[in-house]
Amino acid sequence: MTEIALRPARTADVEFIRSLIGQYAPERRMLRKEIITLYEDIQEFVIAEIAGKPVGYGALHVLWEDLAEVRSVAVLPELKRTGVGRAVVLHLLNRAQQLGIRRVFCLTFEVDFFASFGFLPTDGPIVDHDIYVQMLKSEDEGVAEFLDLERVKPNTLGNTRMLLVLPEN
């Protein structure tokens with residue numbers, strides 16, 4: 001396998017990100033995102049490259065003092081199971097630790113993949129009531145999905161909420 005390089009996303013990567021969302025969203029593997037949202041959130045993304053060509057990406061979205069979401073992990077279909085997704089997630093988990101995040105969650109259809117990092121399925125509340133009330137003020141669809149709000153359920157039917165507690169630095 002050729003070396004996988006990881007770098008922060010740039011605005012020029014938005015079209016690549018959109019193209020993969022366009023491939024996976026019809027299968028309900030990813031949520032569609034408005035282009036404005038991708039530009040607004042570009043600093044959360046990391047791009048995986050092989051030989052200088054983008055081949056995958058993922059994002060880390062901080063929700064609270066000690067809580068973040070690994071979201072929007074995608075790899076070119078022909079490069080699935082080649083280590084690209086693993087490299088992206090490991091990079092994002094390292095970034096979470098650098099930020100002081102202790103708990104990372106994901107909402108995924110790829111349960112086995114995320115379980116390989118130590119994520120465990122979870123049903124119960126991940127935040128206490130006071131934090132929940134504050135998070136309700138967010139306009140981010142991912143936060144709404146995390147909170148299990150009724151308005152996002154049709155978009156995510158069948159995915160699994162998983163949580164990973166990171167080791168202390």
Side-chain angles (χ1 to χ4, degrees), residues 1-63 67-99 101 103-122 138 140-146 148 152-164 166:
M1 177 73 190
T2 308
E3 184 176 333
I4 301 163
L6 295 156
R7 64 166 174 80
R10 299 183 287 259
T11 56
D13 295 312
V14 166
E15 284 306 317
F16 171 69
I17 294 168
R18 275 186 81 196
S19 73
L20 279 184
I21 290 172
Q23 290 181 54
Y24 290 116
E27 302 170 8
R28 298 182 61 146
R29 306 304 283 178
M30 295 185 83
L31 290 176
R32 291 194 187 280
K33 292 185 183 271
E34 296 294 333
I35 193 166
I36 184 65
T37 302
L38 295 174
Y39 282 116
E40 289 173 341
D41 296 342
I42 198 66
Q43 71 280 355
E44 297 179 354
F45 282 84
V46 61
I47 300 293
E49 294 181 329
I50 295 177
K53 178 184 180 240
V55 295
Y57 58 81
L60 181 71
H61 182 75
V62 176
L63 283 92
L67 181 66
E69 177 187 9
V70 168
R71 58 167 57 165
S72 303
V73 176
V75 174
L76 290 173
E78 63 270 22
L79 291 178
K80 282 186 171 183
R81 293 175 178 55
T82 63
V84 174
R86 177 163 292 286
V88 168
V89 172
L90 287 172
H91 180 87
L92 295 173
L93 293 177
N94 183 54
R95 179 73 180 127
Q97 283 189 300
Q98 291 171 356
L99 291 170
I101 301 296
R103 299 176 303 148
V104 180
F105 80 96
C106 64
L107 298 160
T108 186
F109 295 100
E110 305 297 335
V111 174
D112 293 340
F113 173 73
F114 281 97
S116 74
F117 296 95
F119 283 83
L120 299 171
T122 182
S138 174
D140 184 274
E141 285 298 306
V143 173
E145 189 175 16
F146 166 74
D148 205 24
V152 296
K153 285 188 180 201
N155 295 329
T156 59
L157 189 61
N159 67 4
T160 300
R161 179 183 307 195
M162 301 183 80
L163 180 69
L164 172 67
L166 294 169

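Between Phe105 and Thr122, the closest side-chain pair of non-hydrogen atoms is not below 4.5 Å. Considering only heavy atoms from C-beta on, Phe45 stays 4.5 Å or farther from Asp13 through its side chain. Counting heavy atoms from C-beta outward, Val14 and Ile42 have side chains that approach closer than 4.5 Å. Contact annotation: the side chain of Glu110 approaches that of Arg29 to within less than 4.5 Å [non-hydrogen atoms, C-beta and beyond]. Residues Leu20 and Ser72 are not in side-chain contact: their nearest non-hydrogen atoms beyond the backbone lie 4.5 Å or more apart. Side-chain contact check for Phe119 versus Leu93: some heavy-atom pair is nearer than 4.5 Å. At least one side-chain heavy atom of Tyr39 sits less than 4.5 Å from a side-chain heavy atom of Thr11.
The distance from atom CD1 of Ile101 to atom CZ of Arg95, rounded to the nearest 0.5 Å, is 9.5 Å. Note that the CG atom of Leu166 and the CZ atom of Arg103 stand 10.5 Å from one another [nearest 0.5 Å].
Applying the side-chain contact (heavy atoms from CB on, under 4.5 Å) test to Pro26 and every residue at least two apart in sequence or in another chain returns Arg32. When the side-chain contact (heavy atoms from CB on, under 4.5 Å) test is applied to Ile21, the partners found at least two apart in sequence or on another chain are Ile17, Ala25, Met30, Lys33, Leu38, Tyr57. Shown here are the side-chain contact (heavy atoms from CB on, under 4.5 Å) partners of Leu90, two or more places apart in sequence or in another chain: Arg86, Phe117. Considering only residues two or more places apart in sequence or on other chains, Ala87 meets the side-chain contact (heavy atoms from CB on, under 4.5 Å) condition with Ile4, Leu6. Every residue was checked against the salt bridge (charged side-chain N to carboxylate O under 4.0 Å, His left out) condition with Glu40, not counting sequence neighbours, and none meets it.
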**Prompt:** Under the side chain to side chain contact (heavy atoms under 4.5 Å, CB included) criterion, do Val70 and Phe114 qualify, and how do the steps go?
**Reply:** CA-CA 10 Å; Val70 168; Phe114 281 97; 4.0 Å; yes
**Message:** Quick one, Glu44 with His61, criterion side chain to side chain donor-acceptor pair (under 3.5 Å). Give me CA distance, side-chain angles, the key distance, then yes/no.
**Reply:** CA-CA 6 Å; Glu44 297 179 354; His61 182 75; 2.7 Å; yes
Which pairs of donor and acceptor atoms, one on a side chain in residues 48-55, lie under 3.5 Å apart (sequence neighbours left out)?
residue, atom, partner, partner atom, Å
Glu49, OE2, Arg7, NE, 2.8
Glu49, OE2, Arg7, NH2, 3.1

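No side-chain donor-acceptor contact under 3.5 Å links Tyr24 to the backbone of Leu31.
The environment of Glu34 atom CD is sparse: at most 12 non-hydrogen atoms of other residues, nucleotides or ligands sit within 6.0 angstrom.
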